Amino acid sequence: MLVLKFGGTSVGSPEAMQQVVDLAAASTEPGTVLVLSAMAGITNALISGAEAALKRDLDAALSRLNEIRSTHHRTIKTLFGASPTAEELLNTIDARLDELAILYKGVSYLGELTKRSLDAVSGIGELLSSGIVAALAAQKGLPASWVDARQFMITDDTFGRANPLWSELTPRTEAAIRPLTDAGRIVFTQGFIGSTAYGASTTLGRGGSDFSASIIGVALNATEIQIWTDVDGMMTADPRVVSDARVIPEASFQEASELAYFGAKVLHPLTIKPAVEKNIPVRILNTMRPDQKGTLIKSHIEATAETIRAVAAKKGITAIFIDSPRMLMAHGFLAKVFAIFERHHTAIDLISTSEVSISLTIDDRTNLAELSADLSEHGEVRIADDLAIVSVVGRQFREQNGIAGRVFDTLRDINIVMISGGASDINLSFVVARADADRAVRQLHAEFFH
Ligand code: ADP
Ligand code: ASP
Ligand code: MG
């Protein structure tokens, strides 16, 4: 069993969709499942329509909807001409967009956009794109079956970033997909979306189609999970920031997780976790350059010469500084602070402490006001916005001299807001102003990779 996930650009045009179907046809593995994203830009358009509706600008919302409609209509007409298949697809798409119009109207009349409604809206793009690609495969003579992921991807009801419910979804995934692949069919389904046990639509969080693919791969015990995207693999830095970034041919599960977590957008941060548990290799490949080797991510990789493997940046970070002179020599201070983050369901990324102060970073500001109010009971709280975490991921940092020296010497001209080093043997992370992040990444990449 092979799970192939195709991202937004990989299904973003008629040509790209043709290529996806060709790659599916070339798969020789018995049992192939394709997990598809929405066409590039569509999830953003769906969400911006909902935001316009919330501001009671229904015209703007409906004009987003019409742009979404014309993108899909154009794609269908290019691929299928004026055929019965085209007719059928256009009708299906229009029916889904009619539902979207009802959702937008509801949001605008009520002046309320719950996370639950937003999930119902933002997941529509995957349903649209996957229908077109499955029909294209069928037209090319492939035994294609379209399956609605909400039948089997059962999650909790943390709308906006729902968590998989393994005990429910594993048997359901088996039941929905295995009989089809056993009968020699190629399954086309959606990434990103799921459903609660009681049938409400959920999403796994932005960029979550990678995570869907790994969940499906694990549920079906796949031999490999392939993430097909628009770059040649996981690279030494984001190629949009560093023009001479290089592909990393092999990475360990741990390295890939750290990189994904600290900003390498090519992989959703949660993708690797399920794969590790079943030891399923994950490969990152370029849809438009399938002859390239890509990156193979697996449990153990051969030792390589380089100490530094990649540089990444994660933007949109908020730092919280808590100063509490009262806490001098008192125990239990950290425990109290952590309990507050726990209570407000906010994950901490980096942390650095001294006797009387704590600095930490978060990327989810949803509950920031409440967090800050509760923290204020324990000390003076200061918040800094618009920051970025820059991370250098490598090997055996604790055993090597001079890495931190080289890193910070390279960044002499950049203000470092906070440093968190030594927690992991393979990662050195620090915080800078968001505006400095790309420059920091470029300078570090030049220092370590030239
Ligand atoms: P998809 O729609 O296929 O899921 P994404 O846009 O989510 O694609 O992820 C691919 C993008 O990730 C690339 O175009 C690249 O700009 C960005 N990226 C960031 N860091 C890295 C990295 N270290 N290696 C490769 N790509 C990266
Ligand atoms: N379409 C979703 C997003 O844009 C999920 C994905 O592409 O991974 O976030
Ligand atoms: Mg992605």
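Keep in mind that this is a model prediction, so the values were computed, not measured. Both counts, for ligands and for their atoms, begin at 1 and track the order of listing. Side chains are part of it too, since the values below use all heavy atoms of this structure and drop only hydrogens, waters and symmetry mates.
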(request) Answer yes or no for Gly208: is there a heavy-atom contact with ligand 2 below 4.0 Å? (result) yes

(message) Any atom of ligand 2 sitting under 4.0 Å from a heavy atom of Gly7?
(response) no

(message) Regarding ligand 2, does Ser209 bring an N or O atom to under 3.5 Å of one of the ligand's N or O atoms?
(response) yes

(request) Identify, with sequence neighbours excluded, every residue that meets side-chain hydrogen bond (donor to acceptor under 3.5 Å, both in side chains) alongside Ser117. (result) Thr114

(request) Report yes if some N/O of Gly207 lies less than 3.5 Å from some N/O of ligand 2; otherwise report no. (result) yes

(message) I need the contact residues for ligand 1: any residue with a non-hydrogen atom closer than 4.0 Å to the ligand, ordered by chain then number.
(response) Lys5, Gly7, Gly8, Thr229, Asp230, Val231, Gly233, Met234, Met235, Ala237, Asp238, Pro239, Arg240, Ala264, Lys265, Val266

(request) Evaluate the criterion side-chain hydrogen bond (donor to acceptor under 3.5 Å, both in side chains) for residue pair Arg365 and Thr318; output intermediate values, then yes/no. (result) CA-CA 8 Å; Arg365 296 171 54 96; Thr318 298; 2.9 Å; yes

(request) Report the distance from atom OG1 of Thr361 to atom CG of Asp349, rounding to the nearest 0.5 Å. (result) 4.5 Å

(request) Please say whether Arg206 places an N or O atom under 3.5 Å from an N or O atom belonging to ligand 2. (result) yes

Without placing hydrogens or testing angles, list every side-chain donor-acceptor pair under 3.5 Å for residues 186-195, not counting sequence neighbours.
from, atom 1, to, atom 2, distance (Å)
Thr189, OG1, Val147, O, 2.9
Gln190, OE1, Ala149, N, 2.7
Gln190, NE2, Ser130, OG, 3.1
Gln190, NE2, Val147, O, 3.1

(request) Just jot down the side-chain hydrogen bond (donor to acceptor under 3.5 Å, both in side chains) partners of Thr295, sequence neighbours excluded, or say none. (result) none

(message) Heavy atoms only, cut-off 4.0 Å: how does Glu126 contact ligand 2, side chain, backbone, both, or neither?
(response) side chain

(message) For Lys293, is there an ion pair with Asp232 - N to carboxylate O distance below 4.0 angstrom?
(response) no

(request) Could you tell me whether the side chains of Trp166 and Glu168 share a donor-acceptor contact shorter than 3.5 Å? (result) no

(request) May I ask you to say whether Arg395 pairs ionically with Asp425, meaning some side-chain N is under 4.0 Å from a carboxylate O? (result) no

(message) Taking 4.0 angstrom as the limit and counting only heavy atoms of Ser37, give me the atoms of ligand 2 inside it, by number and element.
(response) 6 (C), 7 (O), 8 (O)

(request) State whether a side-chain donor-acceptor pair under 3.5 Å links Asp119 with Thr203. (result) yes

